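Below: the structure, in structure tokens.
As the structure is a computational prediction, the values presented were derived from the model and not from experiment.
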Amino acid sequence: MPDIFGVIADATRRDILQALLEKHVQQAEMSVSEIVGRLEISQPTVSKHLKVLREAELVVVREEGQHRFYSLDPEPLEMVEDFVIPFLSAGFETEVTVEYLSESGERVHGPGEHDEFDEVLPEEATAAAERIGRAAARAEHRVKELVARFKLRG
């Protein structure tokens with residue numbers, strides 16, 4: 001399998017993946033001619049890039065007569081995600097504030113503030129929940145930052 005980072009380094013291949021992602025969300029495929037029309041590049045160029053994406057197992061092709069229909073297989077990109085996330089979250093510290101609300105939405109006492117709420121979660125579970133919350137907050141912040149950068153370039 002080719003190096004996934006080298007495959008997605010090419011802007012045209014990223015454009016093809018983006019187009020296929022939009023169809024993937026709709027659970028649909030895209031023909032080569034649709035990709036050509038969308039990206040406004042030649043059919044041989046699209047075919048060359050689709051071959052690279054196929055070899056990297058990022059796309060799946062279905063043949064119907066002389067027509068080829070492509071769909072996205074996002075699973076190999078999980079390797080990229082696993083590699084990149086630690087870099088994106090490094091250096092971000094987020095303070096987590098917990099507020100306890102009743103079913104009616106009124107603020108109520110939390111653990112340690114009032115006896116009836118003591119031991120809501122064991123200490124280990126509370127610590128794990130706090131770490132997960134911090135990681136989620138860092139990831140959310142970073143994703144928003146990246147989306148904003150992407151929109152500025154687009």
Side-chain angles (χ1 to χ4, degrees), residues 1-101 110-112 119-154:
M1 184 166 145
D3 176 32
I4 193 87
F5 292 96
V7 172
I8 62 174
D10 183 88
T12 302
R13 288 193 283 271
R14 288 194 311 272
D15 290 343
I16 292 171
L17 289 171
Q18 185 67 43
L20 291 173
L21 174 61
E22 291 171 19
K23 289 291 188 175
H24 179 75
V25 170
Q26 301 167 3
Q27 297 181 344
E29 301 170 313
M30 204 170 190
S31 69
V32 175
S33 60
E34 286 177 288
I35 297 169
V36 166
R38 166 113 182 236
L39 300 181
E40 298 178 348
I41 54 179
S42 72
Q43 186 274 327
T45 300
V46 168
S47 293
K48 176 187 81 167
H49 288 294
L50 285 169
K51 179 178 187 255
V52 174
L53 293 169
R54 262 194 331 269
E55 290 171 353
E57 300 175 2
L58 286 167
V59 297
V60 176
V61 64
R62 180 179 62 84
E63 295 182 23
E64 190 175 291
Q66 293 184 350
H67 301 281
R68 287 182 164 67
F69 297 90
Y70 284 85
S71 58
L72 178 69
D73 183 358
E75 190 175 325
L77 291 171
E78 289 176 9
M79 180 187 339
V80 174
E81 179 185 43
D82 292 344
F83 178 80
V84 170
I85 283 183
F87 293 94
L88 299 178
S89 62
F92 285 95
E93 287 300 321
T94 303
E95 185 65 32
V96 175
T97 306
V98 178
E99 187 174 276
Y100 295 88
L101 303 176
E119 295 299 319
V120 171
L121 288 175
E123 189 175 321
E124 297 83 15
T126 301
E130 287 178 8
R131 286 193 303 272
I132 290 168
R134 285 188 187 110
R138 286 192 304 263
E140 178 185 20
H141 173 77
R142 188 62 178 148
V143 166
K144 287 178 181 176
E145 187 178 81
L146 291 171
V147 167
R149 282 187 200 167
F150 181 74
K151 285 181 180 178
L152 289 175
R153 285 191 224 171

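- Judged purely by atom type and a 3.5 angstrom limit, R14 uses its side chain to pair as donor or acceptor with the backbone of I8.
- Closest heavy-atom contact between S71 and E29: CB-CG, 4.3 Å.
- Across all their heavy atoms, L72 and H24 have their closest contact at O-ND1, 3.6 Å.
- Rounding to the nearest 0.5 Å places OG1 of T12 at 7.5 Å from NZ of K48.
- Annotation: side chain of R38 is in contact with side chain of E22 (closest heavy-atom distance under 4.5 Å).
- Between V32 and S47, the shortest heavy-atom distance links the atoms CG1-OG, 4.3 Å.
- At least one side-chain heavy atom of L50 sits less than 4.5 Å from a side-chain heavy atom of I35.
- In this structure, A56 and V7 approach most closely via the heavy-atom pair CB-CG2, 3.8 Å.
- No more than 12 heavy-atom neighbours from other residues, nucleotides or ligands sit within 6.0 angstrom of CD on Q27.
- When side chains are defined from C-beta on, T45 counts as touching H49, because their heavy atoms get closer than 4.5 Å.
- The side-chain heavy atoms of K23 and Y70, taken from C-beta on, include no pair separated by under 4.5 Å.
- With rounding to the nearest 0.5 angstrom, the CG atom of L21 is 13.5 Å from the CD1 atom of I16.
- At most 12 heavy atoms of other shown residues, nucleotides or ligands fall within 6.0 angstrom of atom CZ in R68.
- Expressed to the nearest 0.5 Å, how far OG of S31 lies from CZ of R62 amounts to 10.5 Å.
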